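What you are looking at is a predicted structure, and each value in this text was computed from that prediction instead of being measured. All heavy atoms count here, side chains included; hydrogens, waters and symmetry mates do not. Along the sequence shown, residues are numbered consecutively beginning with 1.
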Amino acid sequence: MTNYGAIPTSSHPSPAIDLEYISRAKHRIKSGLATRRPWKSMFDFESMTVPHGFFDAISRIKTNLGYFRANYAIGVLFILFLSLLYHPTSLIVLSILVFFWIFLYFLRDEPLVVFGYQIDDRTVMIGLSVLTVVMLLLTHATWNILGSLLTAAVLLLIHAAVRRSDNLFLDEEAAAVTESSGLMSYPSS
């Protein structure tokens with residue numbers, strides 16, 4: 001006699017959720033977001049002043065670009081996202097590229113090593129930026145992309161120039177990375 005209405009049961013239990021993997025992912029997300037500076041610090045209106053001259057503006061831009069690098073990358077990606085709302089193909093491509101950004105730039109907890117060379121964050125950011133622009137230009141939303149990138153660059157440079165940098169403290173490692181060439185030899189073990 002068969003039970004046609006019965007729900008079949010499995011003789012072996014379903015695989016358990018890998019809690020260690022989830023815990024590591026949460027830790028990587030927290031440490032990845034740690035490279036982002038607090039938005040409150042970035043938009044501290046008491047620290048916004050007109051630079052005293054051209055060289056003061058250049059100095060502020062260099063310091064702020066190094067200090068708020070992750071914040072600026074998030075801002076540029078957000079402006080790019082807003083400009084592509086009416087281009088679904090471009091938005092899908094951007095969504096895929098955002099995953100690359102998340103895993104290769106924001107959530108990476110170890111240095112990126114390619115062919116025995118350690119690639120620093122600045123080089124990864126430049127490479128991802130170029131890949132993002134090229135892939136999006138292939139989706140035929142050229143004017144939206146160029147307009148949004150120009151808008152983001154202008155806003156970024158204005159912020160970097162007017163945000164005083166004398167109250168920002170770069171740690172020694174970040175300062176060394178800012179001055180490095182982007183490719184460093186990585187000893188193989």
Chemist: As an exercise, state the distance from CG of Leu146 to OG1 of Thr151, rounded to the nearest 0.5 Å.
Modeler: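 OG1 of Thr151 is found 10.5 Å from CG of Leu146.
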Chemist: Quick one: CG on Leu104 to CZ on Phe99, what's the gap to the nearest 0.5 Å?
Modeler: 13.0 Å
Chemist: Determine whether Ile58 and Val162 fall in the same hydrophobic cluster, where Ile, Leu, Val, Met, Phe, Trp and Tyr are linked whenever their side-chain heavy atoms lie under 4.5 Å apart.
Modeler: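 No; tracing contacts between hydrophobic side chains, which count when under 4.5 Å, never links both residues.
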Chemist: For the residue pair Ala152 and Val76, what are the closest heavy atoms and their distance?
Modeler: CB-CG2, 3.8 Å
Chemist: Treating Asn64 as the side-chain partner and Arg163 as the backbone partner, does any N or O pair qualify as donor plus acceptor under 3.5 Å?
Modeler: yes
Chemist: With hydrophobic residues grouped by side-chain heavy-atom distances under 4.5 Å, do Leu128 and Phe78 end up in a single group?
Modeler: yes
Chemist: Begin with the C-alpha distance, continue with both residues' side-chain angles, and end with the deciding distance and a verdict on side-chain contact (heavy atoms from CB on, under 4.5 Å) for Leu85 and Leu91.
Modeler: CA-CA 7 Å; Leu85 283 176; Leu91 203 53; 4.3 Å; yes
Chemist: Verify the cluster assignment for Leu65 and Leu155: are they in a single hydrophobic cluster under the rule of side-chain heavy atoms below 4.5 Å apart?
Modeler: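 No: no chain of side-chain contacts under 4.5 Å links Leu65 to Leu155.
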Chemist: Check whether any side-chain heavy atom of Ile145 sits under 4.5 Å from a side-chain heavy atom of Leu84, and report yes or no.
Modeler: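 Touching, per the 4.5 Å side-chain cut-off.
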Chemist: Would you check, one step at a time, whether the test side-chain contact (heavy atoms from CB on, under 4.5 Å) holds for Leu149 with Val133?
Modeler: CA-CA 9 Å; Leu149 290 177; Val133 170; 3.4 Å; yes
Chemist: When you group the ILVMFWY residues by side-chain heavy-atom contacts below 4.5 Å and let the links chain together, are Phe100 and Ile102 in the same group?
Modeler: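 They do share one cluster, since a chain of ILVMFWY contacts under 4.5 Å joins Ile102 to Phe100.
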Chemist: Just verifying a value: how many Å separate Leu82 CG and Leu77 CG, rounded to the nearest 0.5 Å?
Modeler: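 Reported to 0.5 Å precision, the distance equals 11.0 Å.
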Chemist: Kindly compute the distance separating CD1 (Ile74) from CD1 (Ile79), expressed to the nearest 0.5 Å.
Modeler: 12.5 Å
Chemist: With a 4.5 Å cut-off on side-chain heavy-atom distances among I, L, V, M, F, W and Y, is there a chain of contacts connecting Leu150 to Leu80?
Modeler: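 No: no chain of side-chain contacts under 4.5 Å links Leu150 to Leu80.
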Chemist: How long is the span from the OH atom in Tyr105 to the CG atom in Leu112, to the nearest 0.5 Å?
Modeler: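 The distance works out to 12.5 Å.
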Chemist: Can you tell me how far CG of Leu157 sits from OH of Tyr72, rounded to the nearest 0.5 angstrom?
Modeler: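 Taking OH in Tyr72 and CG in Leu157, the distance rounds to 8.5 Å.
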Chemist: Kindly give the heavy-atom pair with the smallest separation between Ala161 and Arg60, and that separation in Å.
Modeler: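 Closest heavy-atom pair between Ala161 and Arg60: O-CD, 3.0 Å.
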Chemist: For residues 77-93, which residue pairs qualify under side-chain hydrogen bond (donor to acceptor under 3.5 Å, both in side chains), counting only residues two or more places apart or in two chains?
Modeler: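 Pairs touching residues 77-93 that pass the test: Ser83-Ser148, His87-Asn144, Ser90-Thr139.
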Chemist: What I want to check is whether the side chains of Thr63 and Arg164 have a donor and an acceptor closer together than 3.5 Å.
Modeler: no
Chemist: Side chains of Leu94 and Leu136: closer than 4.5 Å at any heavy-atom pair?
Modeler: yes
Chemist: Are side-chain N/O atoms of Thr123 and Asp120 paired as donor and acceptor at under 3.5 Å?
Modeler: yes
Chemist: Between Leu97 and Thr132, which heavy-atom pair has the shortest distance, and what is it?
Modeler: CD1-CA, 3.6 Å
